[in-house]
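Whatever order the structure lists ligands and atoms in, that order sets their numbers, starting from 1.
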Amino acid sequence: MLHSPACERNQEPILGLLSQWLPPGARVLEIGSGSGQHAIFFARTLAGLQWQPSDRRENLLDLAERIGLEGRDGLAPGARVADPLELDVDQADHWPERHFDAVFSANSCHIMAQASVANLIAGAAKRLAPGGLLVLYGPFQDGGIHTAASNAAFDAHLRSLNPAMGLRDAMEIKGWAQAHGLSAKADLPMPAQNRTLVFQRD
Ligand SMILES: C[S@@+](CC[C@H](N)C(=O)[O-])C[C@H]1O[C@@H](n2cnc3c(N)ncnc32)[C@H](O)[C@@H]1O
């Protein structure tokens with residue numbers, strides 16, 4: 001199965017945060033689920049959690065493998081992980097026509113192009129129930145300034161691989177979110193110079 005060491009390192013701190021912010025029995029849409037480790041880890045702990053993993057087509061087989069093997073047994077009482085959905089944030093018709101209590105995405109904003117991050121925010125805003133949360137985890141910069149040397153190096157590395165990738169600007173993301181009716185609620189420091197940005201639908 002596809003395995004992400006980063007997921008293994010960050011799942012506990014992210015769980016701590018989700019357990020504080022999500023309402024009981026939350027319906028969560030995850031964007032860019034990757035290996036599916038987060039989906040399984042959170043659903044094993046948070047009772048009643050209704051988790052919808054998703055990713056682009058090229059990652060769906062790996063994702064479906066983990067969800068199929070680990071997503072049925074051993075979950076917390078009432079928790080459920082749905083079959084993964086094909087969802088590219090740039091494709092308007094991929095977004096489900098349902099409402100969610102939260103949209104969550106980890107370490108995806110610096111992988112997708114900047115325009116795709118704007119599409120993620122616009123798409124999430126439409127699918128969030130009133131009061132619903134958009135939760136973005138990863139490394140971000142602020143007003144074009146990196147908050148750590150390690151993040152600057154990571155940004156340069158990503159851009160050398162593909163100029164469309166790179167650390168996104170939290171201030172810019174907050175502006176886009178506000179334009180779509182999402183108020184910035186928290187900007188939380190996380191281990192290894194990462195952050196979690198939390199927005200709430202007005
Ligand atoms: C570094 S991986 C992170 C995976 C997982 N969330 C984690 O924390 O390990 C980045 C993810 O973003 C997804 N991604 C990139 N562009 C995307 C897009 N346009 N729409 C949806 N997902 C996208 C990739 O397919 C990949 O699963």
Side-chain angles (χ1 to χ4, degrees), residues 1-18 22 28-45 49 51-67 70-71 81-96 100 102-128 133-140 150-151 153-168 173 176 180 188 190-198:
M1 270 190 293
L2 188 66
H3 178 80
S4 157
C7 264
E8 213 160 88
R9 289 192 297 272
N10 62 34
Q11 59 192 11
E12 279 286 356
I14 298 176
L15 172 66
L17 184 147
L18 291 182
L22 293 181
V28 182
L29 171 64
E30 181 182 17
I31 306 292
S33 299
S35 67
Q37 284 162 260
H38 280 148
I40 300 298
F41 187 75
F42 303 147
R44 283 183 176 161
T45 315
L49 186 68
W51 196 272
Q52 174 64 71
S54 77
D55 212 321
R56 295 199 292 184
R57 177 177 297 196
E58 67 228 46
N59 284 346
L60 270 190
L61 272 183
D62 283 326
L63 177 58
E65 185 185 10
R66 181 179 300 277
I67 303 305
E70 300 184 348
V81 181
D83 290 336
L85 201 67
E86 179 183 349
L87 201 168
D88 182 323
V89 295
D90 297 330
Q91 304 298 322
D93 60 335
H94 283 185
W95 287 85
F100 294 88
V103 174
F104 169 80
S105 196
N107 280 330
S108 65
C109 290
H110 55 274
I111 301 296
M112 58 181 74
Q114 172 145 319
S116 303
V117 179
N119 288 339
L120 190 170
I121 292 167
K126 279 192 201 151
R127 272 79 193 177
L128 283 173
L133 301 172
L134 170 63
V135 180
L136 298 175
Y137 168 91
F140 297 96
S150 57
N151 281 358
F154 184 42
D155 183 47
H157 170 67
L158 288 169
R159 289 177 199 275
S160 74
L161 295 176
N162 178 349
M165 297 199 292
L167 267 61
R168 304 299 161 209
I173 287 180
W176 291 332
H180 288 283
L188 306 160
M190 304 293 285
Q193 312 297 340
N194 289 295
R195 289 150 77 175
T196 299
L197 310 180
V198 182

Residue list, side chain to side chain donor-acceptor pair (under 3.5 Å) with [X], at least two apart or on another chain:
X      : answer
Asp88  : none
Asn119 : Asp90
Ser105 : Ser108

Compute the centroid of each ring, for Phe154 and then for His110, and state whether the two points are separated by less than 6.0 Å. yes
Just the distances, no angles: every ligand 1 N or O to protein N or O pair closer than 3.5 Å, one line each.
from: ligand 1; atom 1: 6 (N); to: Gly32; atom 2: O; distance (Å): 2.7
from: ligand 1; atom 1: 6 (N); to: Ala106; atom 2: O; distance (Å): 2.9
from: ligand 1; atom 1: 8 (O); to: Ala106; atom 2: O; distance (Å): 3.4
from: ligand 1; atom 1: 19 (N); to: Asp88; atom 2: OD1; distance (Å): 3.0
from: ligand 1; atom 1: 20 (N); to: Val89; atom 2: N; distance (Å): 3.0
from: ligand 1; atom 1: 25 (O); to: Asp55; atom 2: OD1; distance (Å): 2.6
from: ligand 1; atom 1: 25 (O); to: Asn59; atom 2: ND2; distance (Å): 2.7
from: ligand 1; atom 1: 27 (O); to: Asp55; atom 2: OD1; distance (Å): 3.4
from: ligand 1; atom 1: 27 (O); to: Asp55; atom 2: OD2; distance (Å): 2.5
from: ligand 1; atom 1: 27 (O); to: Asn59; atom 2: ND2; distance (Å): 3.2

Under the criterion side chain to side chain contact (heavy atoms under 4.5 Å, CB included), I'd like the reasoning laid out for Ser54 against Ile31: C-alpha separation, chi angles, the key distance, then a yes or no. CA-CA 5 Å; Ser54 77; Ile31 306 292; 4.2 Å; yes
Output yes when a side-chain donor or acceptor of Gln37 lies under 3.5 Å from a complementary backbone atom of Ser4, and no otherwise.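 Looks like yes, one N/O pair under 3.5 Å.
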